[in-house]
Amino acid sequence: MTITVSFTLILAACCLAAGWIGCRSRKALLVMDALAAILLFATFVTIASAIARTMLKGTVFMTEIHAVLLNPVFIIGGAYLAIYTPARMAINVLRPSG
C-alpha cells in the first residue's frame, strides 16, 4: 500500500471518528467548532502576514510565499481543518433532521 493510500485511509478514519464523537456529544461538538474557528483565523493570519511580508519586501511572490507552508501554525491549522470539515459534513448527514 502506498503512503498516499495509507494517509487517505487514516484521514478518513479520523474524519469518521470526529463525526461520530460530534453526533454523540454536544459539548465535544462545541469544542470542535470553537477550535476550528480559532485555527481558521490563525491560518488566515499566517497566510496574510506572509503575503504582506512578500509585498513589503518586493520579492518574487511565487518563490517567497512558499515559506508559509513551513509555518507550524499553518500546518497545524490546515491539518485540523482537513479533518474537521469532512467530519462536520458527516455530522450534518448523520444527524436526523427535525
Side-chain angles (χ1 to χ4, degrees):
M1 204 181 322
T2 66
I3 193 156
T4 304
V5 173
S6 300
F7 183 73
T8 303
L9 291 175
I10 291 169
L11 186 61
C14 290
C15 292
L16 288 173
W20 182 79
I21 291 169
C23 281
R24 294 284 189 205
S25 170
R26 298 293 272 171
K27 191 178 286 189
L29 186 59
L30 180 65
V31 169
M32 287 174 21
D33 289 346
L35 187 57
I38 291 166
L39 290 175
L40 184 64
F41 180 74
T43 302
F44 284 151
V45 167
T46 303
I47 294 168
S49 67
I51 292 170
R53 188 174 49 251
T54 300
M55 293 174 72
L56 290 173
K57 286 182 179 179
T59 57
V60 178
F61 184 74
M62 290 306 291
T63 57
E64 183 74 21
I65 202 64
H66 286 96
V68 75
L69 299 175
L70 300 175
N71 188 318
V73 174
F74 180 80
I75 294 169
I76 292 168
Y80 181 77
L81 293 171
I83 293 172
Y84 169 81
T85 303
R88 195 66 165 111
M89 293 165 71
I91 291 168
N92 290 336
V93 169
L94 296 174
R95 181 172 288 146
S97 61

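Sequence positions, counted from 1, serve as the residue numbers for this chain.
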Value for CD1 (I91) from CE (M32), rounded to nearest 0.5 Å, stands at 4.0 Å

Applying salt bridge (charged side-chain N to carboxylate O under 4.0 Å, His left out) as the test, list every pair that has at least one member in residues 28-40; sequence neighbours left out. D33-R88

Treat each ILVMFWY residue as a node, draw an edge where side-chain heavy atoms are under 4.5 Å apart, and state whether M89 and L29 are in one component. no

Would you compute the distance between atom CD1 of I38 and atom OH of Y80 and round it to the nearest 0.5 angstrom? 9.5 Å

All salt bridge (charged side-chain N to carboxylate O under 4.0 Å, His left out) counterparts of K27, not counting sequence neighbours: none

How long is the span from the CD1 atom in I83 to the SG atom in C15, to the nearest 0.5 Å? 6.0 Å

Here the pair of heavy atoms bringing A28 nearest to I21 is CB-CG2, 3.7 Å

ILVMFWY cluster, V68 and L56 together (side-chain gap under 4.5 Å): no

Quick check: do L9 and V5 have side-chain heavy atoms less than 4.5 Å from each other? yes

Is there a donor-acceptor contact under 3.5 Å from the side chain of S25 to the main chain of G22? no

Roughly how far, to the nearest 0.5 Å, is CG of L30 from CG of L35? 11.0 Å

Got a second to check how far I75's CD1 is from L69's CG, nearest 0.5 Å? 8.0 Å

Could you give all pairs that pass the salt bridge (charged side-chain N to carboxylate O under 4.0 Å, His left out) test and reach residues 66-80, with sequence neighbours left out? none

Hey, what do you get for CD1 (I76) to CG (L81), rounding to the nearest 0.5 Å? 11.5 Å

